[in-house]
Protein chains: 4
Amino acid sequence: MARVPAAERRDELVNAAIRVIASRGVDGATTRRIAEQANAPLATLHYCFQTKELLFTAVFERLTERYREVLIESDVHGDLVATARAMLRGVLDWYLESDPEFASASFELISWAQRQEEHPAVTVYNEAFNVVRSILARAAAGQDVPPETIDEIGYVIGTLSDGFVVNWLTYGNRSRAVQQAQTVVDVFDAWLAVKLA
Amino acid sequence: MARVPAAERRDELVNAAIRVIASRGVDGATTRRIAEQANAPLATLHYCFQTKELLFTAVFERLTERYREVLIESDVHGDLVATARAMLRGVLDWYLESDPEFASASFELISWAQRQEEHPAVTVYNEAFNVVRSILARAAAGQDVPPETIDEIGYVIGTLSDGFVVNWLTYGNRSRAVQQAQTVVDVFDAWLAVKLA
Amino acid sequence: MARVPAAERRDELVNAAIRVIASRGVDGATTRRIAEQANAPLATLHYCFQTKELLFTAVFERLTERYREVLIESDVHGDLVATARAMLRGVLDWYLESDPEFASASFELISWAQRQEEHPAVTVYNEAFNVVRSILARAAAGQDVPPETIDEIGYVIGTLSDGFVVNWLTYGNRSRAVQQAQTVVDVFDAWLAVKLA
Amino acid sequence: MARVPAAERRDELVNAAIRVIASRGVDGATTRRIAEQANAPLATLHYCFQTKELLFTAVFERLTERYREVLIESDVHGDLVATARAMLRGVLDWYLESDPEFASASFELISWAQRQEEHPAVTVYNEAFNVVRSILARAAAGQDVPPETIDEIGYVIGTLSDGFVVNWLTYGNRSRAVQQAQTVVDVFDAWLAVKLA
DNA sequence: AATGAATGAGGCTTCATTCAT
DNA sequence: TATGAATGAAGCCTCATTCAT
């Protein structure tokens, strides 16, 4: 195996970890398998990351960041309703279209993080929620919307997308999931209409 | 030493497994820890359940059954709207009130089951979904509701309760979750009103 | 499983042990497998034999006895050459015709016995050798044959039959073994002719 | 701690395995005991040989090779009779003089190999037989000897040496074995004289 | 007398990690 | 700097045996 600078290795290892976690679960993601998947010697993993947990933290950060990108890319810069719907839609589409490994690994890691003392699962959620809230707040500027309502909309977006992804990951039936995504958006619309009436 | 019928031992072990899974995840649920939690020697675990996987299967069955009970107990025998809402409410309340270990262990196990070739996570979902559907169908009798709508309502109940539980398990903030449960029901009501208009 | 008197059980267990040893080796002959093969509860094995080693000793005795029977049945009551040849032939034929499990289990057990402090493999050999010698001695009565020669003939019979059985058990090719048995007898004849010239 | 190349470690482990197998049988040759005998931590054994079975395979190969060496070293490059006798003599002497563990372990392993699906005991025998045959064939060149006779001589060499070693391993009486080796060679000579008359 | 229940000891293997180079 | 070599801890499972009934 050719000697490769540590910086590149780190990236490869994080990617490898995501792939392995997605396919074999957090528990199945052993250092050996991750190193193998990254085409790197086992010792290199610990040379780059000292600890498995630190590698996982890096993975965590990568996922968090990706989440934020998705949300920001979904911002249509419209009014509150349009913006909120677009954001939900954006997340659902990302789950459907982008590498399904990301969604799967996310879920695995969140369970894992819940059990770690150091890395609360809460971080991803908070981060994502903050992004959602700030986008919504900007969209609501000028309209008279109380902050609790902004938060509640954010919560509902999260709840619906989480609920959607659980089913999607469980069944893995894409054509059905596409329809379900529409249903989810319908549900959101119906509630928003009442809420912002 | 105390001569306990195997059936009781099995029960104790299943309970212990649920507790350990809830607190340390499926991967952290080692035979040793489960046996310890059940206050039994390690070998006893293998006397009662030839294999760790068989023990987990038993846990799986227990959870599936519990799920069904909750759904059936939530049946108010009213019209479609009332029945659907009651069922969603029932599941949310169960998550909130009953042993949170059940919810947590459920989620853990579903991820686990997804990776097992033999035990598709799908079973729990299918089982639950079938119960929901049959209850809804009975409630809709007489009214002119197409079966696709029944299925869709079932799906939304599932999606909302899954989304709810993810947040609840992540943050573990009960008072907030109680409010969120109300929001979830509101969302459901808004959609149902439109759907069955 | 029906309750069966201990005496019968002992026989069944010995037979079961022979079958299991033959098919899975001494090491693969676990108490559980033997009990299962005998269609008896596991605890019964220890009720009848207190110890696995005692069961094996019983198996050992059974095999020793069978060996003696074969030798005695092969006695043609002729002169030394005829008697010796008949005995070798008898053993070879027994290996070929009788239950091959016996031969296989014998070899397994002899290896095992060599490692036991209590049950020297030597017993079977001595027992068999004594029978051979006494039969030969009687056949040689009247002829002027020194006792060392009697012993040597016995040794050659043993060596040839052991060598034969190793090959036979290794290849398990019966038709070839039948020819080889003839070769073995030819070898014996050639030597005897020179020896007793 | 001492940094030893893996190749050496492997050798040590193979040697240790042979010793343990010889003294405690294949079944008594546990990974723990082998590691201890090699003065290595248990995990090291699995670092060098992913599996116990792979270690045993290596042992097998070592023995096979040793066998071949013995046969080739015994080749006197004489005529057929001299060559055949020398080869038998060489094997007997090897059994007697060289490390008796080799002979013992060989026998143990052949029983073991017979029960493995993948590693037929047959390999050792075939390998040895092929060597014997090719040496005999070269010695017979020019003389008019049918190939079946070559094979038969090879078989008799195998049978006599196997029979010899069983007794030698069983009784472990060296001085008696030395005499018996002579008897065995006499037997062989007598038969060869008749056969090649 | 006979057997279901129970168990300590030990089997093989894999893990994350550290060491020596 | 990078990495083959090495390892203690822990994983799941099976063994022969004993206990309580």
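Below, chains carry the letters A, B, ... as their sequence lines are ordered, and counting in each starts from 1. Quick note: numbers below take in every heavy atom, side chains included, and nothing from hydrogens, waters or symmetry partners.
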Should [X] and [Y] count as side-chain neighbours, where that means a heavy-atom distance under 4.5 Å?
X: F107(C); Y: F107(D); result: yes
X: F56(B); Y: V26(B); result: yes
X: R9(B); Y: T44(B); result: yes
X: V14(B); Y: F60(B); result: no

Distance, rounded to the nearest Å, where [X] contributes [atom1] and [N] contributes [atom2]:
X: I34(B); N: dC13(F); atom1: CD1; atom2: C1'; answer: 14 Å
X: L13(A); N: dA2(F); atom1: CG; atom2: P; answer: 13 Å
X: N39(C); N: dA2(E); atom1: CG; atom2: C1'; answer: 15 Å
X: F56(A); N: dC15(E); atom1: CZ; atom2: P; answer: 12 Å
X: K52(B); N: dT14(E); atom1: NZ; atom2: C1'; answer: 13 Å
X: R33(A); N: dA16(E); atom1: CZ; atom2: P; answer: 9 Å
X: L54(C); N: dA16(F); atom1: CG; atom2: C1'; answer: 13 Å
X: E36(B); N: dA10(F); atom1: CD; atom2: C1'; answer: 13 Å

Next item on the list: Taking only the side-chain heavy atoms of R9(D) (C-beta and beyond), determine which of dT7(F), dT17(E), dA16(F) contains the nearest atom.
Entry: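 Between dT7(F), dT17(E), dA16(F), the one nearest the side chain of R9(D) would be dT7(F).
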Checklist line | Steps toward side-chain contact (heavy atoms from CB on, under 4.5 Å) verdict (Q37(C), L13(C)) | finding: CA-CA 8 Å; Q37(C) 175 70 234; L13(C) 285 166; over 6 Å; no
Notebook entry, point to check: Which is true for T31(C) with a 4.0 Å heavy-atom rule: it touches a base, it touches only sugar-phosphate, or it touches nothing?
Noted result: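 Base, at least one base atom sits under 4.0 Å.
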Margin query: Could you go through F49(D) and R10(D), starting from their C-alpha distance and side-chain angles, then the distance that decides it, and tell me whether this counts as side-chain contact (heavy atoms from CB on, under 4.5 Å)?
Written below: CA-CA 8 Å; F49(D) 295 94; R10(D) 287 175 61 96; 3.3 Å; yes
Notebook entry, point to check: Would you call R33(A) and E36(A) a salt bridge, using N to O less than 4.0 angstrom?
Noted result: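 Here R33(A) does not pair with E36(A) in a salt bridge, since their nearest N and O are not under 4.0 Å apart.
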Next item on the list: State plainly whether the residues E65(C) and R62(C) are in salt-bridge range, i.e. N to O under 4.0 Å.
Entry: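 Salt bridge: no.
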Checklist line | Phosphate OP1/OP2 of dA16(F): any R32(C) side-chain N/O under 4.0 Å | finding: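 It does not, given that no N or O in the side chain of R32(C) lies less than 4.0 Å from OP1 or OP2 of dA16(F).
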Notebook entry, point to check: When L109(C) is tested against each of I18(C), T64(C), V59(C) for side chain to side chain contact (heavy atoms under 4.5 Å, CB included), which residue passes?
Noted result: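 The passing option is V59(C).
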Notebook entry, point to check: Which of residues 40-51 of chain B sit near DNA chain E, with a heavy atom under 4.0 Å from it?
Noted result: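 DNA chain E contact set from residues 40-51 of chain B: P41(B), A43(B), T44(B), Y47(B).
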Next item on the list: For DNA chain E, write out the stems as range with range, using runs of 3 or more consecutive Watson-Crick or G-U pairs with both distances under 3.5 Å.
Entry: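 Stem list for DNA chain E: E:2-21 with F:2-21.
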